[in-house]
Amino acid sequence: MPAPRTVLLTGAAGGLGTLMRELLPGHGYRLRLLDLRPIEGEPDAIVADLADRDALREAVRGVDAIIHLAGISLEASFDKILAANIEGTYNLYEAAREEGVRRIVFASSNHAVGYTPRPQGDDPLIPVETPRRPDTFYGLSKCFGEDLAQLYWDRHGIETVSVRIGSCFPEPTSVRMLSVWMSPADGARLFHAALTAEDVGHTVVHGSSANTRLWWDLTSARALGYEPQDDSEPYAAKLVAEQGELDPGDPAHARLGGHFVTDPPIWPY
Ligand code: NAI
Ligand code: 15L
(Lines give C-alpha, C1' and ligand atoms only; values in the text may rest on other atoms or scores of the structure.)
(Ligands and ions follow the chains in the order given, each with its own letter.)
Protein backbone atom coordinates (compact mmCIF):
# COMPACT_ATOMS: atom_id res chain seq x y z
CA MET A 1 0.00 0.00 0.00
CA PRO A 2 1.44 3.44 -0.88
CA ALA A 3 2.02 5.68 2.15
CA PRO A 4 -1.21 7.57 2.90
CA ARG A 5 -0.80 11.30 2.65
CA THR A 6 -4.27 12.80 2.98
CA VAL A 7 -5.89 11.62 6.19
CA LEU A 8 -9.30 12.42 7.60
CA LEU A 9 -8.97 13.13 11.32
CA THR A 10 -12.34 12.79 13.05
CA GLY A 11 -12.70 14.25 16.53
CA ALA A 12 -10.19 16.90 15.48
CA ALA A 13 -11.48 19.47 17.99
CA GLY A 14 -10.91 17.16 20.97
CA GLY A 15 -7.92 16.79 23.25
CA LEU A 16 -6.19 14.06 21.28
CA GLY A 17 -7.30 15.55 17.98
CA THR A 18 -5.71 18.88 18.91
CA LEU A 19 -2.44 17.15 19.81
CA MET A 20 -2.47 15.17 16.56
CA ARG A 21 -3.24 18.27 14.49
CA GLU A 22 0.02 19.67 15.80
CA LEU A 23 2.13 16.53 15.43
CA LEU A 24 0.97 14.50 12.43
CA PRO A 25 1.92 17.06 9.75
CA GLY A 26 5.51 16.51 10.94
CA HIS A 27 5.17 12.90 9.78
CA GLY A 28 4.20 14.10 6.31
CA TYR A 29 0.39 14.09 6.46
CA ARG A 30 -2.09 16.56 5.09
CA LEU A 31 -5.08 16.44 7.42
CA ARG A 32 -8.73 16.91 6.63
CA LEU A 33 -10.49 17.74 9.89
CA LEU A 34 -13.96 16.77 11.09
CA ASP A 35 -15.76 17.36 14.37
CA LEU A 36 -19.17 18.14 15.78
CA ARG A 37 -17.69 21.41 17.03
CA PRO A 38 -16.03 24.11 14.95
CA ILE A 39 -12.29 24.48 15.45
CA GLU A 40 -10.91 27.95 16.03
CA GLY A 41 -8.45 28.94 13.33
CA GLU A 42 -9.50 26.03 11.08
CA PRO A 43 -12.19 27.45 8.79
CA ASP A 44 -11.93 24.47 6.43
CA ALA A 45 -12.67 21.92 9.13
CA ILE A 46 -15.82 19.96 8.43
CA VAL A 47 -18.41 20.52 11.14
CA ALA A 48 -20.58 17.42 11.11
CA ASP A 49 -22.17 14.84 13.35
CA LEU A 50 -21.25 11.18 12.88
CA ALA A 51 -25.01 10.69 12.46
CA ASP A 52 -24.92 12.59 9.15
CA ARG A 53 -24.20 9.90 6.58
CA ASP A 54 -24.13 12.26 3.60
CA ALA A 55 -21.62 14.53 5.32
CA LEU A 56 -19.44 11.55 6.22
CA ARG A 57 -19.47 10.27 2.67
CA GLU A 58 -18.32 13.65 1.42
CA ALA A 59 -15.73 13.90 4.18
CA VAL A 60 -14.04 10.60 3.35
CA ARG A 61 -14.12 11.09 -0.42
CA GLY A 62 -10.60 11.09 -1.81
CA VAL A 63 -8.69 10.55 1.44
CA ASP A 64 -6.01 7.88 1.68
CA ALA A 65 -6.88 6.88 5.23
CA ILE A 66 -8.90 7.84 8.30
CA ILE A 67 -7.94 8.31 11.93
CA HIS A 68 -11.20 7.92 13.83
CA LEU A 69 -11.12 9.75 17.16
CA ALA A 70 -14.62 11.27 17.21
CA GLY A 71 -17.13 10.14 19.77
CA ILE A 72 -17.97 10.16 23.43
CA SER A 73 -14.72 9.64 25.30
CA LEU A 74 -16.10 9.01 28.79
CA GLU A 75 -19.05 7.13 30.28
CA ALA A 76 -22.59 8.15 29.25
CA SER A 77 -26.08 6.71 29.00
CA PHE A 78 -26.41 3.75 26.68
CA ASP A 79 -28.56 5.81 24.30
CA LYS A 80 -25.90 8.49 23.91
CA ILE A 81 -23.14 5.90 23.46
CA LEU A 82 -25.28 4.04 20.95
CA ALA A 83 -25.75 7.11 18.76
CA ALA A 84 -22.24 8.60 18.86
CA ASN A 85 -19.91 5.63 19.26
CA ILE A 86 -21.78 2.63 17.89
CA GLU A 87 -23.97 4.01 15.10
CA GLY A 88 -21.47 6.80 14.45
CA THR A 89 -18.59 4.39 13.93
CA TYR A 90 -20.78 2.19 11.74
CA ASN A 91 -21.71 5.23 9.63
CA LEU A 92 -18.05 6.11 9.17
CA TYR A 93 -17.08 2.58 8.12
CA GLU A 94 -19.97 2.50 5.66
CA ALA A 95 -18.84 5.82 4.20
CA ALA A 96 -15.29 4.42 3.90
CA ARG A 97 -16.59 1.32 2.15
CA GLU A 98 -18.72 3.33 -0.25
CA GLU A 99 -15.87 5.69 -1.11
CA GLY A 100 -13.11 3.04 -1.32
CA VAL A 101 -10.98 4.10 1.66
CA ARG A 102 -8.71 1.16 2.51
CA ARG A 103 -7.13 1.99 5.88
CA ILE A 104 -8.59 3.19 9.19
CA VAL A 105 -6.95 3.76 12.54
CA PHE A 106 -9.58 3.33 15.23
CA ALA A 107 -9.19 4.93 18.65
CA SER A 108 -10.13 2.06 20.91
CA SER A 109 -9.43 2.27 24.62
CA ASN A 110 -8.02 0.46 27.62
CA HIS A 111 -11.62 0.53 28.85
CA ALA A 112 -12.54 -2.21 26.35
CA VAL A 113 -10.60 -4.46 28.73
CA GLY A 114 -10.85 -2.28 31.83
CA TYR A 115 -11.91 -5.04 34.22
CA THR A 116 -8.69 -6.94 33.54
CA PRO A 117 -6.66 -7.14 36.77
CA ARG A 118 -3.55 -5.03 36.46
CA PRO A 119 -0.23 -6.85 36.78
CA GLN A 120 1.35 -6.81 40.22
CA GLY A 121 4.83 -7.88 41.26
CA ASP A 122 6.27 -10.30 38.72
CA ASP A 123 2.97 -10.85 36.88
CA PRO A 124 3.36 -10.91 33.09
CA LEU A 125 2.27 -7.92 31.04
CA ILE A 126 -1.34 -8.02 29.81
CA PRO A 127 -1.32 -9.55 26.32
CA VAL A 128 -3.27 -7.96 23.49
CA GLU A 129 -5.29 -11.20 23.20
CA THR A 130 -6.67 -10.73 26.72
CA PRO A 131 -10.46 -11.37 26.79
CA ARG A 132 -12.66 -8.31 26.44
CA ARG A 133 -13.80 -7.01 29.81
CA PRO A 134 -15.36 -3.58 29.22
CA ASP A 135 -15.71 -1.48 32.35
CA THR A 136 -18.47 0.86 31.07
CA PHE A 137 -20.93 1.31 28.18
CA TYR A 138 -18.14 3.49 26.80
CA GLY A 139 -15.70 0.55 26.93
CA LEU A 140 -18.38 -1.68 25.42
CA SER A 141 -18.63 0.68 22.45
CA LYS A 142 -14.90 0.26 21.88
CA CYS A 143 -15.39 -3.54 21.83
CA PHE A 144 -18.05 -2.95 19.17
CA GLY A 145 -15.68 -0.75 17.18
CA GLU A 146 -12.97 -3.41 17.24
CA ASP A 147 -15.44 -6.07 16.07
CA LEU A 148 -16.80 -3.78 13.38
CA ALA A 149 -13.25 -3.28 12.16
CA GLN A 150 -12.75 -7.05 12.02
CA LEU A 151 -15.96 -7.47 10.03
CA TYR A 152 -15.03 -4.76 7.54
CA TRP A 153 -11.63 -6.41 7.05
CA ASP A 154 -13.03 -9.91 6.61
CA ARG A 155 -15.97 -8.88 4.45
CA HIS A 156 -14.80 -5.75 2.65
CA GLY A 157 -10.99 -5.77 2.80
CA ILE A 158 -10.80 -2.48 4.72
CA GLU A 159 -7.77 -2.60 6.99
CA THR A 160 -7.85 -1.22 10.54
CA VAL A 161 -5.41 -0.83 13.35
CA SER A 162 -7.41 -0.62 16.58
CA VAL A 163 -5.29 1.25 19.09
CA ARG A 164 -6.33 0.56 22.67
CA ILE A 165 -5.10 3.89 23.91
CA GLY A 166 -4.01 4.08 27.55
CA SER A 167 -3.90 7.77 28.49
CA CYS A 168 -2.66 10.23 25.88
CA PHE A 169 -2.20 13.62 27.46
CA PRO A 170 0.73 16.04 27.52
CA GLU A 171 1.78 14.68 30.94
CA PRO A 172 0.64 11.86 33.22
CA THR A 173 -1.48 13.29 36.03
CA SER A 174 -2.01 10.22 38.24
CA VAL A 175 0.00 7.29 39.52
CA ARG A 176 -2.12 4.95 37.39
CA MET A 177 -1.28 6.97 34.31
CA LEU A 178 2.41 6.27 34.88
CA SER A 179 1.62 2.73 33.67
CA VAL A 180 -0.66 3.49 30.72
CA TRP A 181 0.58 6.92 29.56
CA MET A 182 1.26 7.52 25.89
CA SER A 183 3.12 10.73 25.25
CA PRO A 184 1.63 12.79 22.41
CA ALA A 185 4.84 12.35 20.42
CA ASP A 186 4.64 8.57 20.84
CA GLY A 187 0.95 8.75 19.94
CA ALA A 188 1.85 10.39 16.64
CA ARG A 189 4.57 7.75 16.10
CA LEU A 190 2.08 4.98 16.72
CA PHE A 191 -0.57 6.47 14.44
CA HIS A 192 2.09 6.93 11.75
CA ALA A 193 3.11 3.27 12.10
CA ALA A 194 -0.55 2.22 11.99
CA LEU A 195 -1.08 4.22 8.79
CA THR A 196 1.99 2.93 6.97
CA ALA A 197 2.60 -0.70 8.06
CA GLU A 198 1.90 -3.22 5.31
CA ASP A 199 -0.80 -5.88 5.49
CA VAL A 200 -2.29 -5.12 8.88
CA GLY A 201 -5.68 -6.73 8.18
CA HIS A 202 -7.28 -5.95 11.50
CA THR A 203 -4.60 -5.57 14.14
CA VAL A 204 -5.21 -4.63 17.77
CA VAL A 205 -2.40 -2.84 19.58
CA HIS A 206 -1.84 -1.29 22.96
CA GLY A 207 -1.13 2.44 22.88
CA SER A 208 1.47 3.48 25.45
CA SER A 209 4.94 4.86 25.73
CA ALA A 210 7.82 2.64 26.86
CA ASN A 211 6.93 3.23 30.50
CA THR A 212 9.04 1.71 33.25
CA ARG A 213 5.76 0.81 35.00
CA LEU A 214 4.06 -0.52 31.88
CA TRP A 215 1.10 -2.88 32.46
CA TRP A 216 0.53 -4.20 28.98
CA ASP A 217 2.46 -5.74 26.13
CA LEU A 218 3.50 -3.53 23.21
CA THR A 219 4.63 -6.38 20.93
CA SER A 220 1.87 -6.00 18.32
CA ALA A 221 2.43 -2.23 18.21
CA ARG A 222 6.18 -2.68 17.77
CA ALA A 223 5.48 -5.18 14.97
CA LEU A 224 3.94 -2.29 13.01
CA GLY A 225 7.24 -0.42 13.27
CA TYR A 226 6.30 1.62 16.35
CA GLU A 227 9.33 2.55 18.41
CA PRO A 228 8.24 4.46 21.51
CA GLN A 229 10.72 7.05 22.67
CA ASP A 230 9.20 8.23 25.94
CA ASP A 231 8.80 6.91 29.49
CA SER A 232 6.56 8.36 32.23
CA GLU A 233 9.10 7.61 34.97
CA PRO A 234 10.49 11.15 35.23
CA TYR A 235 7.00 12.16 36.47
CA ALA A 236 6.82 9.35 39.04
CA ALA A 237 8.50 10.87 42.10
CA LYS A 238 6.23 13.91 42.16
CA LEU A 239 3.01 11.97 41.51
CA VAL A 240 3.82 9.27 44.08
CA ALA A 241 4.72 11.92 46.66
CA GLU A 242 1.36 13.61 46.09
CA GLN A 243 -0.88 10.54 45.70
CA GLY A 244 1.00 7.57 47.17
CA GLU A 245 1.58 4.25 45.40
CA LEU A 246 -1.47 2.36 44.12
CA ASP A 247 -3.19 0.27 46.80
CA PRO A 248 -3.88 -3.27 45.49
CA GLY A 249 -6.73 -3.57 48.03
CA ASP A 250 -8.55 -0.56 46.56
CA PRO A 251 -10.92 -1.68 43.75
CA ALA A 252 -10.22 1.57 41.91
CA HIS A 253 -6.52 0.67 41.79
CA ALA A 254 -6.74 -3.06 41.13
CA ARG A 255 -7.74 -3.15 37.48
CA LEU A 256 -6.49 -1.78 34.20
CA GLY A 257 -9.42 0.62 33.88
CA GLY A 258 -8.69 2.23 37.27
CA HIS A 259 -11.50 4.47 38.54
CA PHE A 260 -13.64 3.78 35.46
CA VAL A 261 -14.39 0.46 37.18
CA THR A 262 -15.73 2.06 40.36
CA ASP A 263 -16.68 5.64 39.55
CA PRO A 264 -16.40 6.42 35.84
CA PRO A 265 -16.19 10.05 34.76
CA ILE A 266 -19.40 11.06 33.00
CA TRP A 267 -19.56 12.77 29.60
CA PRO A 268 -20.74 16.29 30.42
CA TYR A 269 -22.83 17.06 27.32
P1 NAI B 1 -12.40 14.29 23.44
O2 NAI B 1 -13.69 14.07 24.13
O3 NAI B 1 -11.54 15.40 23.85
O4 NAI B 1 -12.67 14.45 21.88
C5 NAI B 1 -13.69 13.76 21.20
C6 NAI B 1 -14.17 14.64 20.06
O7 NAI B 1 -15.19 13.93 19.36
C8 NAI B 1 -14.78 15.97 20.55
O9 NAI B 1 -14.13 17.06 19.94
C10 NAI B 1 -16.24 15.88 20.16
O11 NAI B 1 -16.79 17.12 19.76
C12 NAI B 1 -16.19 14.88 19.01
N13 NAI B 1 -17.48 14.18 18.87
C14 NAI B 1 -18.21 13.61 19.86
N15 NAI B 1 -19.34 13.11 19.35
C16 NAI B 1 -19.32 13.37 18.02
C17 NAI B 1 -20.22 13.11 16.96
N18 NAI B 1 -21.38 12.48 17.16
N19 NAI B 1 -19.89 13.52 15.72
C20 NAI B 1 -18.71 14.17 15.51
N21 NAI B 1 -17.81 14.45 16.47
C22 NAI B 1 -18.12 14.05 17.71
O23 NAI B 1 -11.64 12.88 23.53
P24 NAI B 1 -10.08 12.61 23.32
O25 NAI B 1 -9.44 12.46 24.61
O26 NAI B 1 -9.54 13.55 22.34
O27 NAI B 1 -10.15 11.14 22.68
C28 NAI B 1 -10.24 10.95 21.28
C29 NAI B 1 -10.62 9.51 21.02
O30 NAI B 1 -9.64 8.64 21.57
C31 NAI B 1 -11.96 9.10 21.61
O32 NAI B 1 -12.59 8.18 20.72
C33 NAI B 1 -11.56 8.39 22.88
O34 NAI B 1 -12.53 7.42 23.24
C35 NAI B 1 -10.25 7.74 22.48
N36 NAI B 1 -9.36 7.55 23.62
C37 NAI B 1 -8.70 8.61 24.16
C38 NAI B 1 -7.84 8.43 25.21
C39 NAI B 1 -7.02 9.54 25.75
O40 NAI B 1 -6.17 9.27 26.59
N41 NAI B 1 -7.19 10.78 25.32
C42 NAI B 1 -7.67 7.11 25.83
C43 NAI B 1 -8.41 6.06 25.18
C44 NAI B 1 -9.21 6.29 24.10
C1 15L C 1 -10.11 6.91 27.99
O2 15L C 1 -10.58 6.05 27.25
C3 15L C 1 -10.63 8.30 27.99
O4 15L C 1 -11.14 8.69 26.74
C5 15L C 1 -9.58 9.29 28.45
O6 15L C 1 -10.22 10.53 28.70
C7 15L C 1 -8.85 8.80 29.70
O8 15L C 1 -9.75 8.77 30.76
C9 15L C 1 -8.27 7.42 29.45
O10 15L C 1 -9.22 6.53 28.93
C11 15L C 1 -7.68 6.78 30.73
O12 15L C 1 -7.98 5.62 31.00
O13 15L C 1 -6.90 7.45 31.40
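Atoms within a ligand are numbered from 1 in the order they appear, just like the ligands themselves. If you read the sequence from its start, that first residue is 1, and numbering goes on from there.
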Do me a favour and list the nearest non-hydrogen protein atom to atom 2 (O) of ligand 2 with residue, atom name and distance? Y138 OH, 2.6 Å
If we ignore hydrogens and angles and just use 3.5 Å, is the side chain of R213 paired with the main-chain N or O of S179 as donor and acceptor? no
Ligand 2 atoms nearer than 4.0 angstrom to some heavy atom of S109 are 1 (C), 2 (O)
Number the atoms of ligand 2 from 1 as they appear, then name those within less than 4.0 Å of a heavy atom of R176, with their elements. 11 (C), 12 (O), 13 (O)
Give me the residue, atom name and distance of the protein heavy atom closest to atom 9 (C) of ligand 2. G166 O, 3.4 Å
Nearest protein heavy-atom contact for atom 11 (C) of ligand 2: which residue, which atom, what distance? S167 OG, 3.2 Å
Compute the ring centroids of H68 and Y93, then answer whether they are less than 6.0 Å apart. no
Heavy-atom distances under 4.0 Å decide this one: backbone, side chain, both or neither, for N110 against ligand 2? side chain
Within-shell test, K142 vs ligand 2, heavy atom, strictly < 4.0 Å: no
Is there a salt bridge (charged side-chain N to carboxylate O under 4.0 Å, His left out) between E242 and K238 once you walk through the steps? CA-CA 6 Å; E242 287 166 1; K238 179 171 178 282; 3.2 Å; yes
Can you report which non-hydrogen protein atom sits closest to atom 5 (C) of ligand 2, along with the distance? F169 CZ, 4.0 Å
Yes or no on salt bridge (charged side-chain N to carboxylate O under 4.0 Å, His left out) for R32 and E58, after CA distance, side-chain angles and deciding distance? CA-CA 11 Å; R32 188 181 292 177; E58 202 172 314; over 6 Å; no
T219 side chain to D217 side chain, donor-acceptor N/O pair below 3.5 angstrom: yes
What do you reckon, are the aromatic ring centroids of H206 and W216 less than 6.0 Å apart? yes
Please determine, by modelled atom types, if S108 and R164 share a side-chain donor-acceptor pair under 3.5 angstrom. no
Does T10 reach the main-chain N or O of L69 with its side chain, forming a donor-acceptor pair under 3.5 Å? yes
Nearest 0.5 Å, what's the CG-CG distance between L178 and L214? 11.5 Å
For atom 10 (O) of ligand 2, what is the closest protein heavy atom, and at what distance to 0.1 Å? H111 NE2, 3.1 Å
Between the protein and ligand 1, are there any N or O atom pairs that come within less than 3.5 Å of each other, and if so, what are their names and distances?
unit_1: ligand 1; atom_1: 2 (O); unit_2: S73; atom_2: OG; d: 2.7
unit_1: ligand 1; atom_1: 3 (O); unit_2: G15; atom_2: N; d: 2.9
unit_1: ligand 1; atom_1: 7 (O); unit_2: G71; atom_2: N; d: 3.2
unit_1: ligand 1; atom_1: 9 (O); unit_2: G14; atom_2: N; d: 3.1
unit_1: ligand 1; atom_1: 9 (O); unit_2: D35; atom_2: OD1; d: 3.3
unit_1: ligand 1; atom_1: 9 (O); unit_2: D35; atom_2: OD2; d: 2.7
unit_1: ligand 1; atom_1: 9 (O); unit_2: R37; atom_2: NH2; d: 2.8
unit_1: ligand 1; atom_1: 11 (O); unit_2: D35; atom_2: OD1; d: 2.6
unit_1: ligand 1; atom_1: 11 (O); unit_2: R37; atom_2: NE; d: 3.2
unit_1: ligand 1; atom_1: 18 (N); unit_2: D49; atom_2: OD1; d: 3.1
unit_1: ligand 1; atom_1: 19 (N); unit_2: L50; atom_2: N; d: 2.9
unit_1: ligand 1; atom_1: 21 (N); unit_2: L36; atom_2: N; d: 3.3
unit_1: ligand 1; atom_1: 23 (O); unit_2: S73; atom_2: OG; d: 3.3
unit_1: ligand 1; atom_1: 26 (O); unit_2: G15; atom_2: N; d: 3.2
unit_1: ligand 1; atom_1: 26 (O); unit_2: L16; atom_2: N; d: 2.7
unit_1: ligand 1; atom_1: 32 (O); unit_2: L69; atom_2: O; d: 2.8
unit_1: ligand 1; atom_1: 32 (O); unit_2: K142; atom_2: NZ; d: 2.9
unit_1: ligand 1; atom_1: 34 (O); unit_2: Y138; atom_2: OH; d: 2.5
unit_1: ligand 1; atom_1: 34 (O); unit_2: K142; atom_2: NZ; d: 3.1
unit_1: ligand 1; atom_1: 40 (O); unit_2: C168; atom_2: N; d: 2.7

Which atoms of ligand 2 sit under 4.0 Å from any heavy atom of F260? 8 (O)
Less than 6.0 Å separating the ring centroids of W267 and Y138? no
Tell me the contacting part of S73 for ligand 2: side chain, backbone, both, or neither, using a 4.0 Å heavy-atom threshold, strictly below. both
Indicate whether the side chain of R21 and that of T18 have a donor and an acceptor atom separated by less than 3.5 Å. yes
